[in-house]
Amino acid sequence: MKKFLMFFTALLVMFTAIGNVSAAPLFKDVDDKYGSKAELDFLAKRGIIFADPAQNFGVNEEITRLEASAMIIRALVLETVDRPDPNFIDVTPEDEGYDIIATITHEGIVNGNADGEFMPNDNLTRGQMAAILVNAFELKGTTDQAFKDVDSAYWASDSIKTLLANKITTGYPNNTYKPTAFITKANFGVFLARILNPEFKQQPVCYKSDGKKTAVVNVQVTNLWKSPNNNRVVDRPSITNPTDIQKWAKSMSVSQKLWLVGRTDTQALYGQEVVILKSSGNWHEIAVKDQYKPRNKAGYPGWVPKTHVTEVQNDYTDCQLAIVDTNIATLYNEPKKANKFMDISYTTTLPVIKEEGEWVHVQTPTSGVKFLRKQDTKVVESFAAIPKPTQKDIVDSAKMFLGLPYVWSGVSGFGFDCSGLIHSVYKNHGIMIPRDSFVQAVNGTPVARKNMQPGDLLFFAYNQGKGKVYHVGMYIGKGQMIHAPNSSRNVEIVSIDTHPYKANYAGSRRYLK
């Protein structure tokens with residue numbers, strides 16, 4: 001009988017559109033803005049739940065075994081009369097829900113425990129839910145993908161894999177399923193709606209757990225220091241977790257900024273991959289993988305507080321990327337501008353979980369999924385797929401930072417040094433160039449001064465251009481360059497013939513092809 005009724009239900013679903021979502025609240029706690037309104041509206045139209053705008057549905061309340069059983073029975077259109085006594089010691093014919101319990105057990109969908117109890121008012125776990133739904137709707141299929149908190153020996157492992165194979169669940173963003181956690185009424189309804197109507201099914205996640213640990217930065221920006229514990233009171237906003245790099249940069253005097261020279265070397269951004277080289281006390285020596293440093297294969301090295309780095313196990317290689325394309329962007333806890341999580345810098349790159357309306361859902365290292373406004377990012381399939389920039393693209397990006405104060409070793413929208421500005425702008429457009437000016441000066445393609453084009457780099461060296469390179473600027477045309485000059489000034493546009501740059505000119509390089 002169950003199979004026939006399921007076939008009938010499937011036909012009903014096929015010929016019923018889900019686009020006509022109710023324009024009125026279903027319940028007091030399920031209005032038009034509620035994220036799962038469409039799924040619950042679908043269930044209400046089919047009599048699986050009973051809408052009442054004057055009452056709460058209890059979206060965040062944990063569902064009981066009896067409540068879940070009732071929804072399944074209505075979903076399968078099962079008759080509840082003339083069912084045999086289930087003979088549970090905690091259920092009598094006088095109890096409310098007796099007919100539901102008798103029906104669900106007679107159909108073999110939900111059973112009691114070894115002590116002869118049905119436990120109708122016990123909350124349902126996510127593991128139990130998986131086993132019950134797979135059994136009730138005779139779901140088939142499996143997958144090689146595994147959640148990191150579901151051992152293959154776990155009693156509901158096969159059922160959880162079946163839900164995953166059928167796109168009924170994708171688990172949580174950190175690749176967990178939480179099988180022993182209780183499921184809420186709203187979430188149970190969503191799972192049920194996905195089974196009954198394929199249009200509600202979740203798309204496969206782009207990430208997977210391969211067991212390999214990867215170290216990433218866990219603060220908006222971290223400074224890489226020459227040695228651990230070599231910082232001042234004024235540096236505290238930059239070594240705490242969370243950091244406040246904007247406060248740190250603005251709080252320093254010129255002399256305090258100059259003190260950083262030779263003590264910090266570079267910065268790394270939120271979510272950026274690093275390699276932990278060694279540890280000392282509360283500090284890690286790390287290497288930033290995509291910042292090239294000669295004779296350091298692992299990347300640009302330096303010391304950071306241990307709390308600034310975390311290890312993740314998921315592989316996001318197949319995910320799209322959201323690249324921050326404005327000076328500073330805000331991550332939000334929910335797709336509302338009123339609930340701020342953290343400010344992040346230009347060129348910060350995070351995996352995309354999905355796009356929805358004006359929002360991009362991105363994966364953070366340890367704080368789950370957060371939300372970026374689309375207007376603050378560009379979403380690409382991969383770093384290699386970033387569109388090739390024009391000269392104007394490169395120059396316009398650099399000009400966004402006009403007036404931004406210089407910060408020694410800076411590679412963020414909170415403050416750049418000269419080579420950090422150039423490195424970040426090019427990286428934002430998919431072109432990886434070395435981090436330091438003296439290394440940038442010996443890579444790329446040499447260009448004669450008279451043949452320079454916008455986007456080309458100009459280098460300046462001591463001893464009238466014959467010594468070590470100490471500065472870099474970007475040519476923008478008409479004899480001008482944009483650059484981050486020094487700790488007492490801001491990002492600016494000047495003539496390339498300005499003193500001392502005319503005398504110290506050491507050559508030009510092209511990185512645009």
Side-chain angles (χ1 to χ4, degrees), residues 1-16 18 26 36 39-52 57-58 61-113 116-141 156 159 162-163 166 168-169 183-201:
M1 178 177 69
K2 182 171 66 174
K3 288 184 178 180
F4 170 78
L5 288 170
M6 285 183 63
F7 177 72
F8 173 79
T9 303
L11 288 177
L12 178 66
V13 169
M14 288 174 62
F15 292 104
T16 306
I18 69 168
L26 287 177
S36 301
E39 288 91 336
L40 297 180
D41 196 56
F42 172 85
L43 298 181
K45 288 180 178 179
R46 280 143 190 81
I48 298 169
I49 59 175
F50 306 109
D52 186 348
F57 179 64
E61 295 176 10
E62 293 156 350
I63 196 167
T64 66
R65 287 164 54 84
L66 178 59
E67 290 168 333
S69 297
M71 289 176 67
I72 291 171
I73 286 173
R74 290 192 286 269
L76 292 172
V77 200
L78 297 176
E79 292 289 344
T80 58
V81 296
D82 298 326
R83 298 287 184 166
D85 191 330
N87 293 316
F88 292 115
I89 63 174
D90 59 344
V91 177
T92 67
E94 291 75 30
D95 289 337
E96 183 179 359
Y98 172 83
D99 56 340
I100 293 171
I101 296 168
T103 302
I104 207 79
T105 55
H106 185 222
E107 292 286 336
I109 296 171
V110 182
N111 299 307
N113 62 18
E117 299 170 317
F118 185 79
M119 305 163 290
N121 297 315
D122 278 15
N123 295 326
L124 194 68
T125 69
R126 288 171 58 84
Q128 292 168 343
M129 178 268 301
I132 289 170
L133 291 181
V134 167
N135 184 27
F137 296 95
E138 299 180 357
L139 302 178
K140 306 296 181 184
S159 295
T162 297
L163 289 188
N166 283 273
I168 308 303
T169 185
I183 188 166
T184 65
K185 293 180 181 179
N187 285 344
F188 185 81
V190 168
F191 276 68
L192 199 55
R194 289 174 185 165
I195 291 172
L196 295 173
N197 195 316
E199 292 191 35
F200 288 123
K201 287 186 176 182

If you measure from [atom1] on [X] to [atom2] on [Y], what distance do you get to the nearest 0.5 Å?
X: Leu196; Y: Lys201; atom1: CG; atom2: NZ; value: 10.5 Å
X: Phe118; Y: Ile104; atom1: CZ; atom2: CD1; value: 7.0 Å
X: Glu96; Y: Asn121; atom1: CD; atom2: CG; value: 9.5 Å
X: Met71; Y: Phe191; atom1: CE; atom2: CZ; value: 12.5 Å
X: Leu78; Y: Ser69; atom1: CG; atom2: OG; value: 11.0 Å
X: Leu133; Y: Leu139; atom1: CG; atom2: CG; value: 7.5 Å

Quiz item: Does the side chain to side chain contact (heavy atoms under 4.5 Å, CB included) test come out yes or no for Arg74 and Phe50, once each step is laid out?
Solution: CA-CA 11 Å; Arg74 290 192 286 269; Phe50 306 109; 3.6 Å; yes
Quiz prompt | From CA spacing to verdict: side chain to side chain contact (heavy atoms under 4.5 Å, CB included), Met129, Leu163 | solution = CA-CA 10 Å; Met129 178 268 301; Leu163 289 188; 4.2 Å; yes
Exercise. Give the minimum heavy-atom separation between Arg194 and Phe200, together with the two atoms involved.
Key: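 Between these two residues, the closest heavy atoms are CG-O, 3.1 Å.
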Quiz item: What closest approach, in Å, do Ala68 and Leu124 show between heavy atoms, and which atom pair accounts for it?
Solution: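 Answer, listing the atom of Ala68 first, then Leu124: CB-CD2, 3.8 Å.
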Quiz item: Do Thr64 and Asn123 have side-chain heavy atoms sitting under 4.5 Å apart?
Solution: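 Side chain of Thr64 against side chain of Asn123, heavy atoms only: contact under 4.5 Å found.
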Quiz item: Should Leu26 and Phe57 count as side-chain neighbours, where that means a heavy-atom distance under 4.5 Å?
Solution: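 No - every pair of side-chain heavy atoms lies 4.5 Å or more apart.
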Quiz prompt | Partner of Val91 by side-chain contact (heavy atoms from CB on, under 4.5 Å), out of Leu66, Ile101, Asp85, Thr105 | solution =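 Looking at Leu66, Ile101, Asp85, Thr105, the match for Val91 under the side-chain contact (heavy atoms from CB on, under 4.5 Å) is Ile101.
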Quiz prompt | Derivation of the side chain to side chain contact (heavy atoms under 4.5 Å, CB included) call for Glu117 and Ile89 | solution = CA-CA 6 Å; Glu117 299 170 317; Ile89 63 174; 3.8 Å; yes
Quiz item: Excluding sequence neighbours, so at least two apart, what forms salt bridge (charged side-chain N to carboxylate O under 4.0 Å, His left out) with Glu67?
Solution: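 Salt bridge (charged side-chain N to carboxylate O under 4.0 Å, His left out) list for Glu67, sorted by chain: Lys185.
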Who pairs with [X] by side chain to side chain donor-acceptor pair (under 3.5 Å), at least two apart in sequence or on another chain?
X: Asp90; answer: none
X: Asn87; answer: none
X: Asn187; answer: Thr184
X: Asp99; answer: none

Quiz item: Does Asp122 have any side chain to side chain contact (heavy atoms under 4.5 Å, CB included) partners at least two apart in sequence or in another chain, and if so, which?
Solution: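 By the side chain to side chain contact (heavy atoms under 4.5 Å, CB included) rule, Asp122 matches Arg65, Met119.
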Practice problem: Kindly indicate, with the supporting measurements, whether the criterion side chain to side chain contact (heavy atoms under 4.5 Å, CB included) is fulfilled by Ile72 and Phe188. | Solution: CA-CA 10 Å; Ile72 291 171; Phe188 185 81; 4.0 Å; yes
